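Small disclaimer: the values here were computed from a predicted structure and weren't measured.
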Amino acid sequence: VSEQEVRDFYAEKSHSDDPTPVSLGLNSELVKDTAGAISERVWKVGGMYSAALERVVYWLEKAIPIAENDRQRKALELLVSYYRSGDLRTFDEYSIAWVEDRESRIDIINGFIEVYNDPIAYRGAFESIVSFRDEASNDRIASIGGQAQWFEDHMPIMQEHKRANVNGILGKAITVVAEVGDASPITPVGINLPNADWIRANHGSKSVTISNIFSAYYASPDKSLEEFSWDDAEITRAKRYRELASALSIDMHEVIGHASGKINPGVGTVKETLKQYGSTLEEARADLIALYFIMDQKLIDIGVMPGLEVGRTAYDHYIRSALLTQLYRVKPGENLEEAHMRNRALVARWAFEQGKSANVIERRQRDGKTYFVINDYTALREIFGRLLRELQRIKSEGDYPAVEHLVENYGTRVDPDLHAEVLERFKPLNIAPYKGFINPVLTPVYLRGEMVDVELAYPGSFDEQMLY
């Protein structure tokens with residue numbers, strides 16, 4: 001089945017004037033018979049992946065009677081109905097019920113959700129995350145979520161692209177109990193769902209920072225910091241503020257980033273208008289919102305940041321990662337393909353070029369090694385704001401040629417000489433390109449028929465976990 005055939009198949013089903021479009025293709029694959037006719041194989045009970053989904057439904061139905069409240073029960077019932085029918089309208093109903101449950105301490109993310117691994121952003125990868133609200137870490141992200149309208153009003157984007165009423169953004173910190181599928185063993189540290197823009201606009205969204213995963217990331221020192229930082233001042237600042245800078249960046253990316261802005265009336269969904277570049281643009285847009293506001297006095301005023309040194313730390317890390325250290329994850333001769341890596345490269349390379357005449361970001365050499373040094377943080381913030389304005393315009397208007405130009409010219413290609421240098425500098429550091437996580441095995445303990453405790457253990461090895 002060719003790319004064009006996929007696009008044509010869904011174009012026939014799509015209506016750009018539908019204010020509540022379903023996420024076409026999210027839970028299916030396309031097949032072509034010997035006569036050349038194309039049809040969908042839907043992932044549902046009685047359809048594709050039936051055996052696995054029957055087990056998912058079995059456990060969800062165990063959870064329904066012991067739901068925390070009626071709203072959580074309704075969401076679980078709709079999720080079961082969706083897996084039985086495969087109907088994407090039911091998935092939207094579930095997503096609305098899920099986002100409107102703001103009281104439950106225990107929560108799940110479950111379904112065919114993220115489309116990053118599909119080159120044209122239709123197919124959802126399965127993931128499931130079970131978590132509970134982290135009351136101790138909740139204040140920071142809740143403070144940002146509570147100011148969502150202020151952030152929307154003060155974004156450097158066109159007035160017509162701003163939301164007049166930012167609805168129902170719930171920001172919270174969670175502790176993950178278990179993750180599977182696309183969420184494991186390499187896990188997100190922040191999540192904003194649902195993905196449908198119309199649900200975000202009309203019903204709100206849930207934005208979470210996964211606090212125990214985040215803490216685990218910072219449990220060990222960053223070996224690459226000394227190697228790729230220009231001087232001791234940059235290193236000292238990073239060691240002091242990197243965890244908070246990263247936490248705030250993730251919080252704002254998820255809470256006020258993905259949930260912001262609006263698409264112009266009559267313009268289709270991002271995957272229809274911006275096609276294979278939609279995911280990259282959306283991640284870049286959310287990153288830029290976080291970058292723009294992490295240098296704002298507002299964060300100090302609401303008590304989540306002690307000073308702008310945190311923002312400077314975030315800028316240092318972003319430029320260092322986007323222009324240098326993320327290249328460690330790419331094999332020689334390859335281009336950047338993954339949406340998050342592309343978006344970081346796009347943002348940093350565009351900013352580097354835009355600030356070149358004023359030397360905002362300077363490329364320096366020392367002992368045969370390359371460094372990127374920020375000379376003017378205020379000017380860099382202004383550049384980030386300009387790019388954010390343009391990316392929001394592209395999304396709102398569905399401007400495919402503009403996003404194609406940005407991604408192909410700034411977000412895809414790799415300088416082979418710089419890449420070779422980065423790989424060589426990483427060799428003595430003995431760092432894996434990605435961090436993977438071990439899920440605990442939870443075993444209930446019963447006394448006279450009543451569960452009194454839960455024993456926590458870990459599998460004997462990473463291989464054992466993945467095989468299980």
Side-chain angles (χ1 to χ4, degrees), residues 1-50 53 78-79 81-96 111-127 181-182 193-202 258 261-283 285 337-339 342 394-404 407-408:
V1 179
S2 73
E3 176 184 335
Q4 193 57 50
E5 286 172 325
V6 176
R7 295 196 186 283
D8 292 344
F9 181 89
Y10 289 114
E12 290 181 6
K13 297 175 177 290
S14 176
H15 303 283
S16 60
D17 58 347
D18 184 355
T20 60
V22 299
S23 301
L24 291 170
L26 192 68
N27 64 335
S28 65
E29 72 171 11
L30 291 190
V31 293
K32 185 191 294 184
D33 64 21
T34 53
I38 295 175
S39 60
E40 272 188 309
R41 294 176 63 192
V42 178
W43 306 338
K44 64 175 184 174
V45 173
M48 193 175 178
Y49 300 138
S50 182
L53 290 173
L78 284 166
L79 184 57
S81 178
Y82 161 63
Y83 282 136
R84 289 193 181 281
S85 68
D87 187 335
L88 287 167
R89 284 287 175 201
T90 307
F91 180 67
D92 286 343
E93 291 174 20
Y94 156 71
S95 298
I96 292 167
F112 305 102
I113 298 174
E114 302 295 358
V115 297
Y116 300 118
N117 293 328
D118 181 355
I120 54 175
Y122 277 89
R123 306 277 170 255
F126 181 81
E127 67 176 276
D182 198 41
L193 291 173
N195 282 330
D197 272 302
W198 69 267
I199 297 180
R200 293 179 194 268
N202 298 335
H258 286 307
K262 63 181 181 180
I263 295 174
N264 291 355
V267 176
T269 63
V270 169
K271 70 181 177 185
E272 292 169 334
T273 58
L274 306 185
K275 302 177 183 179
Q276 68 268 34
Y277 302 115
S279 294
T280 297
L281 177 134
E282 182 57 26
E283 292 304 318
R285 198 181 64 85
E337 299 291 348
E338 197 273 333
R342 278 184 162 190
I394 290 170
K395 179 180 179 180
S396 297
E397 298 177 2
D399 189 344
Y400 179 83
V403 73
E404 180 183 39
V407 177
E408 292 299 336

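Side-chain contact annotation: T90 with E93, donor-acceptor N/O pair under 3.5 Å absent. With hydrogens and angles left out, the side-chain atoms of Q276 and Y400 include a donor and acceptor closer than 3.5 Å. Side chains of E338 and N117: no donor on one and acceptor on the other come within 3.5 Å.
Across all their heavy atoms, S279 and V115 have their closest contact at OG-CG2, 4.1 Å.
Under the 3.5 Å distance criterion, the side-chain polar atoms of E283 are left unmatched by any main-chain donor or acceptor of T280. Between the E12 side chain and the F9 main chain, no donor and acceptor come within less than 3.5 Å of each other. Looking only at distances, a side-chain donor or acceptor of N27 sits under 3.5 Å from a matching main-chain atom of G86. Between the side chain of S23 and the backbone N or O of L26 there is no donor-acceptor pair closer than 3.5 Å. Of the possible polar contacts, none joining the D399 side chain to the I394 backbone as a donor-acceptor pair under 3.5 Å is found.
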Expected list for residues 40-47: side-chain donor-acceptor pairs under 3.5 angstrom, two or more places apart:
from: E40; atom 1: OE2; to: Y10; atom 2: OH; distance (Å): 2.8
from: E40; atom 1: OE2; to: S28; atom 2: OG; distance (Å): 2.7
from: R41; atom 1: NH1; to: E29; atom 2: OE2; distance (Å): 2.9

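Using a 4.5 Å cut-off on side-chain heavy atoms (C-beta onward), K275 and I120 make no contact. A 4.5 Å side-chain heavy-atom check between L281 and Y277 finds every atom pair outside the cut-off. Counting heavy atoms from C-beta on, the side chains of K395 and V270 come closer than 4.5 Å.
Within a 6.0 Å radius of NZ in K32, more than 12 heavy atoms belonging to other residues, nucleotides or ligands are found.
Classified by interplanar angle (parallel below 30°, tilted 30° to 60°, perpendicular above 60°), the ring pair F126/F112 is perpendicular.
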List the steps and the verdict of ring pair (Phe, Tyr, Trp, His ring centres under 6.0 Å) for Y82 and F91. CA-CA 6 Å; Y82 161 63; F91 180 67; 4.9 Å; yes
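From I199, atom CD1 reaches atom CG of D92 across 4.0 Å, with rounding to the nearest 0.5 Å.
In this structure, K271 does not pair ionically with D118, as no charged nitrogen and carboxylate oxygen lie closer than 4.0 Å.
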